[in-house]
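Here's the structure we're looking at; comments come further down.
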2 protein chains.
Amino acid sequence: MKLDARQIETRTQELYEKLRAAGLKVTLQRLAVYRVLLQSHGHLTAEQVHQAVARDNPALSLSTVYNVLETLVKIGAIGEITTDGGTKLFDRTPGDHHHFIDTETGEVIDLDDSAGVKLDLNALARRGFAVEGAKLTVYGRRKK
Amino acid sequence: MKLDARQIETRTQELYEKLRAAGLKVTLQRLAVYRVLLQSHGHLTAEQVHQAVARDNPALSLSTVYNVLETLVKIGAIGEITTDGGTKLFDRTPGDHHHFIDTETGEVIDLDDSAGVKLDLNALARRGFAVEGAKLTVYGRRKK
DNA sequence: GTCTAATTAGGAATAATTCTTGATTGACTA
DNA sequence: TAGTCAATCAAGAATTATTCCTAATTAGAC
Ligand SMILES: [Mn+2]
Ligand SMILES: [Mn+2]
Ligand SMILES: [Zn+2]
Ligand SMILES: [Zn+2]
């Protein structure tokens with residue numbers, strides 16, 4: 001699912017705020033990398049980000065992409081997930097949320113609250129596990 | 001949680017059967033690597049397996065450890081998980097199951113059925129997702 | 001015991017990520 | 001608006017986990 005123009009605008013404003021709040025500079029490189037993620041389907045490798053960024057901005061180096069992505073993760077502007085194969089993906093959406101991975105296409109889809117995943121970890125707490133967070137990955141095929 | 005001697009014996013028999021069923025040879029290296037995992041707390045990196053194996057078997061090379069682990073995964077004798085940091089861990093227990101990761105110690109603990117995790121994915125199916133499997137990772141601290 | 005395909009040891013190759021360093025620049029100041 | 005400087009960036013080297021390659025060894029069939 002792609003974001004519409006309005007959502008991208010809102011998220012871009014948020015980036016300015018988060019950078020300022022962290023005392024970091026607003027640079028062309030940070031904006032470019034962030035926008036690539038916002039405009040994507042949601043989950044990209046560093047290399048994919050670099051390629052997409054390079055279309056408009058061929059001078060932006062891969063190590064800068066890594067640098068910027070790390071910074072954006074640190075200030076909570078984006079997220080980061082690691083798939084079973086070990087591939088690291090940068091995630092348009094920060095914060096804990098669940099994923100569906102299509103076993104045929106490899107596509108990664110966010111499962112937000114409306115997706116209807118019911119997860120109850122209360123019994124864990126009663127057994128001495130202090131739960132701080134949880135990540136679920138569902139595998140299968142998306143029909144139609 | 002470590003396995004007791006009886007469980008290790010049973011699992012070792014299973015390895016013989018799985019290797020035979022797959023038409024593969026029973027080698028000293030395969031037995032040694034498998035036993036290290038059975039005797040561990042459950043989840044080890046390839047390097048940790050190599051170090052543990054090297055105590056009794058210093059000639060067993062790291063590339064053989066990788067080879068053997070891959071074979072054991074392929075025949076379903078062990079499992080493989082990738083943590084959020086990207087670390088690949090080989091898992092004494094094959095098949096889909098959930099994990100708890102202690103955010104303080106890094107320890108990985110299996111959550112079997114008795115742990116009381118309740119997961120309901122039926123609503124997903126109604127929304128066009130054909131579920132084949134699911135992996136949950138819970139983060140937090142184990143008390144006491 | 002012989003034979004042969006499977007397996008192993010050792011090292012080279014690969015690939016993703018991180019590190020290092022000198023050049024560049026965003027943002028504050030006057 | 002220009003000066004200043006710490007923050008940031010580009011480029012490439014280094015690192016590290018994993019995979020690949022190949023000649024020597026060996027399990028298991030006969
Ligand atoms: Mn997401
Ligand atoms: Mn397990
Ligand atoms: Zn996501
Ligand atoms: Zn496990």
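Below, chain A is the first sequence line, B the second, and so on; all start at residue 1. These numbers come from the heavy atoms of this one structure, side chains and all, not from hydrogens, waters or symmetry mates.
- In this structure, the nucleotide among C/dT8, C/dT17, C/dT7 sitting nearest to the side chain of B/Leu24 is C/dT7.
- Separating the CG atom of B/Leu62 from the C1' atom of D/dT19 is a distance of 11 Å, rounded to the nearest angstrom.
- Remark: C1' of C/dA15 and NZ of B/Lys88 are 13 Å apart, rounded to the nearest angstrom.
- Computed from coordinates, the B/Asn67 CG to C/dG10 P distance equals 14 Å when rounded to whole Å.
- Put simply, NE2 on B/His50 is 11 Å from C1' on C/dG10, counting in whole angstrom units.
- Here the side chains of B/Thr103 and A/Glu132 are in contact, with some heavy-atom distance below 4.5 Å.
- Nearest to the side-chain atoms of B/Val68 among the listed nucleotides C/dT8, D/dT18, D/dC9 stands C/dT8.
- The aromatic rings of A/His99 and A/His43 lie perpendicular to each other, with more than 60° between the two planes, well past the 30° mark.
- Mapping B/Gly23 and A/Tyr66 onto DNA chain C by nearest heavy atom places B/Gly23 at the nucleotide closer to the 5' end.
- For the OP1/OP2 pair of C/dA9 and a distance below 4.0 Å, the side-chain nitrogens and oxygens of B/Gln29 include at least one atom meeting the criterion.
- Side-chain atoms of B/Thr137 and B/Thr83, non-hydrogen and from C-beta on, never get closer than 4.5 Å to each other.
- Interface remark: the A/Ser63 side chain does form a donor-acceptor pair with the D/dA11 base, using a distance-only criterion of under 3.5 Å.
- Salt-bridge annotation for B/Arg142 and B/Glu107: present, with a side-chain N of the basic residue lying under 4.0 Å from a carboxylate O of the acidic one.
- For the pair B/Asn57 CG and D/dT25 C1', the interatomic distance rounds to 15 Å; values are reported in whole Å.
- Atom CG in A/Leu72 sits about 12 Å away from atom P in D/dT8, given to the nearest Å.
- B/Thr64 has no side-chain polar atom (N or O) that falls below the 4.0 Å cut-off from OP1 or OP2 of C/dT8.
- Taking atom NZ of A/Lys74 as the reference point, atom P of D/dT8 lies 10 Å away to the nearest angstrom.
- Remark: P of D/dT25 and NZ of B/Lys25 are 15 Å apart, rounded to the nearest angstrom.
- Around CZ of B/Arg35, the count of heavy atoms belonging to other residues, nucleotides or ligands within 6.0 Å does not exceed 12.
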